[in-house]
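Excluded from the calculations below are hydrogen atoms, water molecules and symmetry mates; all remaining heavy atoms, backbone and side chain alike, are included. Residues: numbered from 1 along the sequence shown.
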Amino acid sequence: MPQLSAYLSFDGNCAEAMRFYERVLSGRLEALIRYADAPPDAAMPVLSAEDAERIMHARLGLDQQTLMGSDATAGHPYPGKQGVALSLAYPTVSDAQRVFDMLADGGSITMPLQKTFWAEAYGALIDRYGTRWMVSGGRLSQ
């Protein structure tokens with residue numbers, strides 16, 4: 001069975017975002033490759049000095065899961081993140097609350113972390129990098 005991983009797009013702040021996610025999610029940043037790091041024989045378009053410093057590929061290891069990302073370049077305008085959210089489910093409400101608060105710092109909460117009919121705690125937010133998150137904690141009802 002294939003492994004399904006999220007791949008996020010950013011507008012020049014991919015490295016900062018992935019370092020933030022590494023800290024918040026207790027992951028391990030496995031790759032942070034700039035466009036300028038591509039080998040000379042790679043079929044790369046001509047990039048501005050600013051684009052060359054943007055991230056071509058980032059990979060964050062999270063136990064058996066992976067979160068990836070990259071920056072858009074001038075030739076590919078950044079439309080923002082639309083129509084998708086990342087969901088985190090924790091075994092305890094305290095774990096969910098801790099991560100929810102860290103992700104919400106500098107972002108906007110769209111639904112406070114609270115008891116729902118499907119979880120002891122559930123909340124939604126958009127972090128400072130424009131990524132939508134849904135965070136739950138505790139036992140889910142069947």
Side-chain angles (χ1 to χ4, degrees), residues 1-140:
M1 177 176 289
Q3 180 180 355
L4 178 64
S5 300
Y7 200 107
L8 302 174
S9 295
F10 297 92
D11 192 22
N13 57 1
C14 179
E16 178 184 328
M18 295 301 279
R19 287 183 182 110
F20 174 71
Y21 298 148
E22 177 183 39
R23 183 174 52 83
V24 170
L25 302 174
S26 300
R28 188 172 63 100
L29 198 54
E30 298 169 346
L32 198 59
I33 303 166
R34 301 170 309 146
Y35 284 95
D37 297 330
D41 61 344
M44 296 295 296
V46 176
L47 300 171
S48 69
E50 178 186 347
D51 282 346
E53 293 305 310
R54 288 179 175 234
I55 301 301
M56 180 171 60
H57 178 70
R59 185 176 60 247
L60 177 64
L62 303 163
D63 290 328
Q64 300 299 315
Q65 301 169 80
T66 305
L67 178 62
M68 295 182 280
S70 64
D71 284 315
T73 60
H76 300 91
Y78 179 71
K81 296 178 190 73
Q82 301 171 3
V84 68
L86 300 180
S87 179
L88 295 168
Y90 289 94
T92 67
V93 172
S94 61
D95 287 338
Q97 185 70 62
R98 178 182 53 78
V99 171
F100 184 88
D101 291 344
M102 291 172 75
L103 288 170
D105 185 27
S108 61
I109 295 172
T110 56
M111 180 179 173
L113 195 66
Q114 60 192 294
K115 186 173 181 146
T116 66
F117 67 90
W118 67 87
E120 290 180 48
Y122 172 85
L125 62 97
I126 301 169
D127 71 21
R128 65 180 87 170
Y129 303 103
T131 303
R132 295 180 180 275
W133 296 90
M134 300 181 299
V135 180
S136 62
R139 180 177 27 102
L140 299 176

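Scanning both residues, L88 and V99, for their nearest heavy atoms gives CD1-CG1, 3.9 Å. What you find for G138 and E120 is that their closest heavy atoms are CA-OE2, 3.8 Å. Closest approach of G123 to L113, counting heavy atoms only: N-CD1, 3.4 Å. When all heavy atoms of K81 and G130 are compared, the closest pair comes out as CD-O, 3.6 Å. The two residues G27 and L60 come nearest to each other via the heavy atoms C-CD1, 3.9 Å. In this structure, R23 and M102 approach most closely via the heavy-atom pair NH1-CE, 3.6 Å.
Applying the ring-ring contact (aromatic ring centres under 6.0 Å, His included) test to every pair with at least one member in residues 51-80, sequence neighbours left out, gives these pairs: Y7-H57. Residue pairs meeting the salt bridge (Lys or Arg N to Asp or Glu O under 4.0 Å) criterion with at least one member in residues 4-18, sequence neighbours excluded, are D11-R54. Within the structure, ring-ring contact (aromatic ring centres under 6.0 Å, His included) pairs that include any residue of residues 14-33 comprise F20-Y129, Y21-W133 (at least two apart or interchain).
Under the salt bridge (charged side-chain N to carboxylate O under 4.0 Å, His left out) criterion, D37 pairs with R34, not counting sequence neighbours. A6 pairs by the side chain to side chain contact (heavy atoms under 4.5 Å, CB included) definition with L67, L86, not counting sequence neighbours. Residues forming a salt bridge (charged side-chain N to carboxylate O under 4.0 Å, His left out) with D105 (at least two apart in sequence, or on another chain): R128. Shown here are the side chain to side chain contact (heavy atoms under 4.5 Å, CB included) partners of Q3, two or more places apart in sequence or in another chain: S5, T66. Qualifying side chain to side chain donor-acceptor pair (under 3.5 Å) partners for N13, counting only residues two or more places apart in sequence or in other chains: none. A search for ring-ring contact (aromatic ring centres under 6.0 Å, His included) contacts involving Y122 returns W118, not counting sequence neighbours. Residues that satisfy the salt bridge (charged side-chain N to carboxylate O under 4.0 Å, His left out) test with R28, not counting sequence neighbours, are E30. Evaluation of the side chain to side chain donor-acceptor pair (under 3.5 Å) rule for S87 yields no partner, not counting sequence neighbours. The ring-ring contact (aromatic ring centres under 6.0 Å, His included) check on Y90 picks up nothing, with sequence neighbours excluded.
The backbone N or O of C14 sits less than 3.5 Å from a side-chain atom of D71, completing a donor-acceptor pair.
Distance check, rounded to the nearest 0.5 Å: CE of M134 to OG1 of T110 gives 9.5 Å. Rounding to the nearest 0.5 angstrom, the gap separating the OG1 atom in T116 from the CE atom in M111 is 6.5 Å. Between I109 atom CD1 and L103 atom CG the span is 10.5 Å, to the nearest 0.5 Å.
Residues I55 and F10 are not in side-chain contact: their nearest non-hydrogen atoms beyond the backbone lie 4.5 Å or more apart. Contact annotation: the side chain of V24 never approaches that of D127 to less than 4.5 Å [non-hydrogen atoms, C-beta and beyond].
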Before giving the answer on side chain to side chain contact (heavy atoms under 4.5 Å, CB included), spell out for Q65 and L25 the whole-Å C-alpha distance, their side-chain angles and the decisive distance to 0.1 Å.
-> CA-CA 11 Å; Q65 301 169 80; L25 302 174; over 6 Å; no

